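Since the structure is predicted, the reported quantities are computational estimates derived from the model, not experimental observations. Ligands are counted one by one from 1 in listed order, and the atoms in each one are counted from 1 as well.
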Amino acid sequence: MPDVSPPRNDELMQRDLRHLWHPCTQMKDHERYPVTPIRRASGVYLEDFEGRRYIDAISSWWTNILGHCNPDINAAIKDQLDQLEHVIFAGFSHEPAIALGEKLTALTPPGLTRLFFGDNGSSAIEIALKMSFHFWLNSGKPGKKRFVALQNGYHGETLGALAVGDVALFKTTYAPLLMDAIMVPSPDCYYREPGESWEAYSRRQFAHMERVLAEKHDEIAGVILEPLVQCATGMRMYHPVYLTLLREACDKYGVHLIADEIAVGFGRTGTLFACEQAGISPDFLCLSKALTGGYLPMSLVVTSETIYGAFYDSYESMRGFLHSHSYTANPLACRAACATIDLLQQGDWLTRNRATAKLFWDGVAPLQDHPHVAEVRQTGMITAIELVKNKQTRQAFAWQERRGMRIFDYALSQGALLRPIGGVVYFMTPYIISPEQVQQLVRIAIDGITLAVAD
Ligand SMILES: *Cc1c(COP(=O)(O)O)cnc(C)c1O
């Protein structure tokens, strides 16, 4: 008999490490921490090659909202696969993209009616930055070529996206390659005074933005920010009033508002789009991650007819937006996106999520009294616990101690994928998570925190 026993985790890990280079990873770490090969997934669970299951508490990098191997999304992709897998999108079109345009523009904030496709989040950011600059160029204002962004923001890893982001760990090395963006202090409410409300603090922080726009609007094309939650820098949160004020100021000073909802779109913050909580429409809405339910790489920049109109002219005018990606509007990804939107509309997910979020909150709120917890915060389906060395001064643990890794390790051993960002432990689960699974995650996180802060 030939040996047909399936490969084990160890064997796959060794094969992986021979040829592959993983993202956001110092590969030498894998001498100590294993790569976990995943054989299959279903609902909130990932399963490895030895049959161990892990609750995906971070939605596989914030992409999955309706569960792994969701039967309806699977069926849509399989159906599409037998009709059309891909076709050039310049000069050609197909039903999945057309249907996505119709479905999505019925849901996006008012005035956002025009879709341009990219194939990952960072490329959507590049597209929005180029379009914004190019709009002003086409409008006879070539001097408007700088971008304003928030401190502690994150917009992806390609050079334009990195330039408007502010994560030193990712950015410093490449600084010589990056355009010079104007960084403004964040409305991040972690820094509010004791007793100060989120609203008061976010409003107060807007003064920095107002000043920059008042002084430099002649050279500014747009402001880019993550509405409500700065995810990659530890799920830092702020009040919607900041977005309302920003919309007013952008209109006043003639500057575009670019909303990066790549992580927070599709219900994550409690509304379908985070901008809704401020009652605003951005000039550019960047979407990706949950756009395809977490299935396939695709992104979108959704913009207005005003922006579109500034590019619409004879070919000879040379005003067109000639940007392209090979896999623009991939039909399989468009079908996954359509199925995701249909499911979001059929189920009452926003209501269900409010109940789920309350379970998370009730589970971890007692940690507010923990001697190493500076803050427990929540916006919609994002709940975060900020660990510190010193509760009074809020001094963080030294990053070299990598206490978050202890929690990651412990959680894996207990059947959960938790992946703290520095000292911030967070839940950002698929919406389909059950109350029992929430309880289980809360228990694992609390025990993991206890272990991680002990010396
Ligand atoms: C993930 C993310 C991006 C980048 O998307 P990629 O698909 O990883 O390139 C941009 N902005 C925000 C807010 C993100 O969370």
Side-chain angles (χ1 to χ4, degrees), residues 21-25 58-65 116-132 147-167 169-171 174 178 181 183 186-188 222-238 242-243 257-269 273-275 282 284-302 323 325-328 330 333 336-337 340 379-382 384 419-422 424 426-429:
W21 195 341
H22 289 264
C24 202
T25 300
I58 62 158
S59 298
S60 282
W61 257 349
W62 322 338
T63 60
N64 192 294
I65 51 176
F116 196 98
F117 289 86
D119 43 23
N120 61 70
S122 303
S123 71
I125 300 299
E126 304 291 336
I127 290 162
L129 298 176
K130 284 175 70 178
M131 264 188 192
S132 172
F147 291 95
V148 178
L150 294 184
Q151 286 175 2
N152 231 22
Y154 178 80
H155 301 288
E157 302 293 340
T158 56
L159 295 178
L162 207 52
V164 292
D166 185 39
V167 185
L169 181 64
F170 303 149
K171 183 171 181 178
Y174 307 103
L178 305 179
M183 290 295 166
S186 168
D188 169 4
V223 176
I224 183 166
L225 81 178
E226 298 156 272
L228 301 190
V229 188
Q230 296 186 297
C231 295
T233 44
M235 304 296 161
R236 293 297 186 78
M237 299 171 185
Y238 61 91
Y242 192 87
L243 299 171
L257 199 172
I258 305 170
D260 177 355
E261 295 218 19
I262 289 167
V264 296
F266 298 99
R268 190 53 83 176
T269 65
F273 299 104
C275 282
F284 301 93
L285 176 67
C286 300
L287 301 172
S288 188
K289 292 198 166 116
L291 169 64
T292 61
Y295 269 68
L296 288 160
M298 186 167 74
S299 64
L300 280 172
V301 175
V302 193
H323 186 103
H325 294 290
S326 315
Y327 283 98
T328 296
N330 174 261
T340 301
T379 297
M381 280 292 281
I382 306 173
R419 195 170 181 280
I421 301 171
V424 178
Y426 70 93
F427 306 111
M428 194 160 167
T429 66

Testing the basics here: between Asp119 and Ser299, what is the closest heavy-atom pair and its distance to 0.1 Å?
N-OG, 3.6 Å
Looking only at non-hydrogen atoms, find the nearest pair between Ala336 and Leu296 and report the distance.
CB-CD1, 4.5 Å
Is ligand 1 under 4.0 Å from a heavy atom in the side chain of Trp62, in the backbone, in both, or in neither?
side chain
Is there a donor-acceptor pair under 3.5 Å between the side chain of Ser122 and the backbone N or O of Gly156?
no
Within 4.0 Å of some non-hydrogen atom of Gly156, the atoms of ligand 1 are 4 (C), 10 (C)
First locate atom CD of Glu226, then atom SG of Cys231, and finally report the distance between them rounded to the nearest 0.5 Å.
6.0 Å
Counting heavy atoms not belonging to Phe170, are there more than 12 under 6.0 Å from its CZ?
yes
Mark whether atom 15 (O) of ligand 1 lies under 4.0 angstrom from at least one protein heavy atom.
yes
Once you round to the nearest 0.5 Å, how far does OG1 of Thr63 lie from CG of Leu291?
11.0 Å
Hey, is ligand 1 close enough to Ser288 that some N/O pair sits below 3.5 Å?
no
Can you find an N/O atom of Glu226 closer than 3.5 Å to an N/O atom of ligand 1?
no
Of the non-hydrogen atoms in Lys171 and Asp166, which two are nearest, and what is the gap between them?
CD-CA, 4.4 Å
Considering heavy atoms of the protein only, find what lies nearest to atom 13 (C) of ligand 1 and give residue, atom and distance to 0.1 Å.
Asp260 OD2, 3.2 Å
Nearest protein heavy-atom contact for atom 7 (O) of ligand 1: which residue, which atom, what distance?
Gly121 N, 2.8 Å
Measuring from atom CZ of Arg236 to atom CD1 of Ile382, what distance do you get when rounded to the nearest 0.5 angstrom?
14.0 Å
What protein heavy atom sits nearest atom 2 (C) of ligand 1, and how far off is it?
Lys289 NZ, 2.5 Å
Go through ligand 1 atom by atom and flag the ones less than 4.0 Å from a non-hydrogen atom of Ala263.
15 (O)
Just need the protein heavy atom nearest to atom 9 (O) of ligand 1, so name the residue and atom and give the distance.
Ser122 OG, 2.6 Å
How does Ile262 reach ligand 1, by side chain, by backbone, by both or by neither, if only non-hydrogen atoms under 4.0 Å count?
side chain
